[in-house]
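Heavy atoms only: backbone and side chains are in, while hydrogens, waters and symmetry mates are out. Since the structure is predicted, the reported quantities are computational estimates derived from the model, not experimental observations.
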Amino acid sequence: QGQLVESGGGLVQPGGSLRLFCAASGFFFSSYRMSWYRRAPGKERELVAEVTSVGGSTNCADSVKGQFFISRDNAKNTMYLQMNSLTPEGTAVYYCSATGVLVDYWGKGTLVTVSS
């Protein structure tokens with residue numbers, strides 16, 4: 001069974017940066033479109049960014065465009081989310097997701113808290 005494990009979350013001051021990691025195992029990572037989602041307090045889950053399996057094309061939500069950058073390393077079965085210029089609105093649980101033709105996988109999330 002495929003597994004996704006997020007890491008890199010924690011407490012950061014406004015204006016600071018964090019890099020999130022998503023480690024994949026148990027499935028053909030390179031065949032899946034990978035995405036980062038987040039759920040902020042009192043809000044619904046939203047798509048933050050995604051990267052395709054072939055070609056590595058990326059897309060980010062308008063709210064984080066220019067601040068967040070998604071990437072993947074298929075040789076390491078790892079996806080990344082570089083988060084810069086963080087604001088309190090970035091406080092949320094961030095989830096890693098893999099989307100395939102037949103099945104999808106989700107991580108359990110990592111908490112990011114932006115506060116002084």
Fit a plane to each ring of Tyr94 and Phe68, take the angle between them on a 0 to 90° scale, and name the class: parallel (under 30°), tilted (30 to 60°) or perpendicular (over 60°).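 Because their plane-to-plane angle lies in the 30° to 60° range, the rings of Tyr94 and Phe68 count as tilted.
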Just do the side-chain contact (heavy atoms from CB on, under 4.5 Å) check on Leu20 and Thr110 with the steps written out, would you? CA-CA 8 Å; Leu20 304 184; Thr110 184; 4.1 Å; yes
Hphob cluster co-occupancy, [X] + [Y], side-chain heavy atoms under 4.5 angstrom:
X	Y	answer
Leu4	Tyr80	no
Leu102	Phe28	no
Phe21	Phe27	no
Leu47	Tyr95	yes

Could you check whether any side-chain heavy atom of [X] comes within less than 4.5 Å of a side-chain heavy atom of [Y], counting everything from C-beta outward?
X	Y	result
Pro14	Val114	yes
Thr91	Val112	no
Val12	Thr113	no

Do Asn84 and Ser17 have side-chain atoms, one donor and one acceptor, less than 3.5 Å apart?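 Yes, side-chain donor-acceptor contact under 3.5 Å.
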When Val64 is tested against each of Glu46, Arg38, Met83 for side chain to side chain contact (heavy atoms under 4.5 Å, CB included), which residue passes?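 With Val64 as partner, side chain to side chain contact (heavy atoms under 4.5 Å, CB included) holds for just one option, Arg38.
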Strictly below 4.0 Å, N to O, side chains only: are Arg39 and Glu44 in salt-bridge contact?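 No, no charged N to carboxylate O under 4.0 Å.
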Salt-bridged, Lys108 to Glu6, with N to O below 4.0 Å?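 Salt bridge absent between Lys108 and Glu6.
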Drop me the distance from [X]'s [atom1] to [Y]'s [atom2], to the nearest 0.5 angstrom.
X	Y	atom1	atom2	result
Ser30	Arg72	OG	CZ	7.0 Å
Ser25	Gln1	OG	CD	10.0 Å
Gln13	Ser116	CD	OG	7.0 Å

If you apply the rule side-chain contact (heavy atoms from CB on, under 4.5 Å), what do you find for Trp36 with Ser97, and how did you get there? CA-CA 6 Å; Trp36 286 101; Ser97 177; over 6 Å; no
If you look at every heavy atom in [X] and [Y], which pair is closest and at what distance?
X	Y	answer
Ala49	Leu81	CB-CD1, 4.4 Å
Cys96	Met79	SG-CE, 3.5 Å
Val54	Thr52	O-OG1, 3.2 Å
Gly100	Tyr32	N-CD2, 3.2 Å

Please evaluate residues Trp106 and Tyr37 with respect to the criterion ring-ring contact (aromatic ring centres under 6.0 Å, His included), reporting the C-alpha separation (whole Å), side-chain torsions for both, the decisive distance (0.1 Å), and the verdict. CA-CA 10 Å; Trp106 288 85; Tyr37 287 80; 5.0 Å; yes
Tell me whether Thr78 contacts the main-chain N or O of Lys76 through its side chain, where contact means a donor paired with an acceptor under 3.5 Å.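 Yes: the side chain of Thr78 pairs with the backbone of Lys76.
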Assess whether side-chain contact (heavy atoms from CB on, under 4.5 Å) is satisfied between Met34 and Phe29, documenting all intermediate values. CA-CA 9 Å; Met34 300 297 298; Phe29 177 77; 3.7 Å; yes
